[in-house]
Amino acid sequence: MEVIQVEGGRPFGGEVTVEGAKNSALKLMAATILAPGVSRLTNVPNISDVHVMGKVLKYLGAKVEVKGLHELEIDTSDIDRFETPYHLVAKMRASTAVLGPLLSRFGEAIVAMPGGCNIGARKIDMHILGLEALGVAFEVNHGNIHATTPKGLTGTTVTLDFASVGATENLMMASVRAKGTTTIDNAAREPEIVDLANFLNEMGAKVSGAGSPVIEIEGVSELHPAEHKVVGDRIEAGTFLAMAGLGKTPVTVKGFEPRHLGLVLKKYELMGLKVERGNGECTVSREGAIRPVDIQTLPFPGFPTDMQAQTMALLALCEGSCIVTENVFENRFMLASELQRMGADIRIEGHHAIVHGVDGYSGAQVKSPDLRGGAALVMAGLVADGTTTVSDIYHIDRGYECFVEKLQGLGAAVSRVEVPDQDTL
Ligand code: UD1
């Protein structure tokens, strides 16, 4: 099995460029289903989640061709299957993003029900309620959701209980060719939603208001394939900027919009870090002790849950105590017990983590609990005393392209190492 090995204490810093956003690329790939023909996506990250979405599209009958390291050509002319099987949905929950586009184009979709997930139950009830309001009929049997549109799709107002990213996206994609106008109230406002709306409009859709809590979609009769550059990955950027907070040398991250990390950067300034925002880039450097700052995750423009783990790894070394509150997902504090193995003092009480800052990390064998938690452990390893070995790194590969190589480029002593699987010893 492969692990990431980190020699702590080596100075790191410099410049790094991030890829296109995972959470946008996956939905844009699903959106290509909406129009028969060849769509082209550029700035697509070369990560395992994108490979899984490629498999989903191929399973449906699309042709997915890699045209360069970051360019995909997707031909959806011959889609002849409307089903996403469990082995793919189980690998990546975002496979459910094909539900809306399949219903829009073919009036039918079968999607395996997502099973358990390591960051909580992650239900899709809001997707279902919203789609029902548009005229979708659902049947659940044998672990699959079978969706049909007996009378077609008709625009209406859908008010979401919570600004769910996935539900907003599925509803946007289902309604682009519905009769009349659809209004999504309490819509998610993430930059990836805006990116999807832009792509849909490039395909001939009429979507307005993306980025605000009310999105309006005026149904059109036809869509055409389009070409689109994926927005830069604010979470990959935030991960490297969080690392800069632990190191001694500034880190400059290029390829994303600093305003997409608005509150994260504000909180980092309150922690005492120096933040220099530029056009499409940002530099963070440490100026002294890390000050304790409370964090609570919320939908955009609130503090992103996807930056919670990396920020906790930073706060665990603060001078004092603070509280990290997770409001978006249940069970997203698994990182805490791994950080404790490295000497952190973190107590979990429900959806709060009470963090008492310690002087430093001690290198240890730890296990990636999930994608962002895995990155946060590598980050802690960079400043730990001794060697840190992070296992279960397939989580990291889901969302970070060339993570180790990029860290090496910053001067860190990090490598992927093949070790015997402990279970087989
Ligand atoms: C997306 C992102 C993920 C990010 C999250 C929140 C992708 C591939 N993933 O996930 O990285 O952490 O947004 O910014 O884009 N919920 C329900 N019922 C529903 C839908 C959601 O209860 O029908 C709950 C979920 O269980 C979760 C919360 O709402 O607790 C937020 O979910 P949502 O915003 O939908 O996140 P995802 O789209 O799954």
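Side chains included, hydrogens not; waters and symmetry mates left out as well; all remaining heavy atoms used. Every number for a ligand or one of its atoms is a count from 1 in the order of the listing.
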- Note on the structure: All heavy atoms of Pro250 vs all of Thr283, minimum pair found to be CB-CG2, 3.9 Å
- Message: Using the salt bridge (charged side-chain N to carboxylate O under 4.0 Å, His left out) definition, which of the options Arg234, Arg332, Lys22 pairs with Asp306?
- Response: Arg332
- Does Glu330 reach ligand 1 with a nitrogen or oxygen that is under 3.5 Å from one of the ligand's nitrogen or oxygen atoms? no
- Query: So, Arg416 and Asp397, do they make that salt bridge, N to O below 4.0 Å?
  - Reply: yes
- Message: Looking only at distances, can you tell me whether any N or O atom of Ala94, backbone or side chain, sits closer than 3.5 Å to an N or O atom of ligand 1?
- Response: no
- Message: Between ligand 1 and Phe162, is the shortest N or O to N or O distance under 3.5 Å?
- Response: no
- Query: Hey, which atoms in ligand 1 end up nearer than 4.0 Å to a heavy atom of Gly166?
  - Reply: 35 (O), 38 (O)
- In chain order, what residues pass the salt bridge (Lys or Arg N to Asp or Glu O under 4.0 Å) check against Asp78, with sequence neighbours excluded? Lys63
- Note on the structure: Counting heavy atoms under 4.0 Å, the part of Met53 that contacts ligand 1 is neither
- Query: With sequence neighbours excluded, what pairs up with Lys179 under the salt bridge (Lys or Arg N to Asp or Glu O under 4.0 Å) test?
  - Reply: none
- Going by the atom numbers of ligand 1, which of them fall below 4.0 Å from some non-hydrogen atom of Arg332? 12 (O)
- Message: I'd like to know if Lys58 and Glu65 make a salt bridge, using a cut-off of under 4.0 Å between side-chain N and carboxylate O.
- Response: no
- Message: Counting only nitrogen or oxygen atoms and a 3.5 angstrom limit, does Asp125 reach ligand 1?
- Response: yes
- Item | Atom indices of ligand 1 within 4.0 angstrom of Ile124 heavy atoms, with elements | 19 (C), 23 (O)
- Message: Between Glu19 and Lys406, does any side-chain N to carboxylate O distance fall below 4.0 Å?
- Response: yes
- Query: Going by an N to O cut-off under 4.0 Å, is there a salt bridge joining Lys267 and Glu269?
  - Reply: no
- Is Glu338 salt-bridged to Lys367, cutoff N-O under 4.0 Å? no
- Query: For ligand 1, is there an atom lying under 4.0 Å from some heavy atom of Arg93?
  - Reply: yes
- Message: Any atom of ligand 1 sitting under 4.0 Å from a heavy atom of Lys27?
- Response: yes
- Rounding to 0.5 Å, atoms CD1 (Ile74) and CE (Met53) come to a distance of 9.5 Å
- Would you mind finding which of Asp306, Thr96, Asp370 brings a heavy atom closest to atom 12 (O) of ligand 1? Asp306
- Have a look at Val165, Asp49, Ile235, Leu26 and point out the one with the heavy atom closest to atom 33 (P) of ligand 1. Val165
- Message: Below 4.0 Å, non-hydrogen atoms only: which portion of Ser164 touches ligand 1? Side chain, backbone, both or neither.
- Response: both
- Query: Does Val328, backbone or side chain, put an N or O under 3.5 Å from an N or O of ligand 1?
  - Reply: yes
- Counting from 1 in the order shown, the ligand 1 atoms closer than 4.0 Å to a non-hydrogen atom of Thr305 are 6 (C), 12 (O)
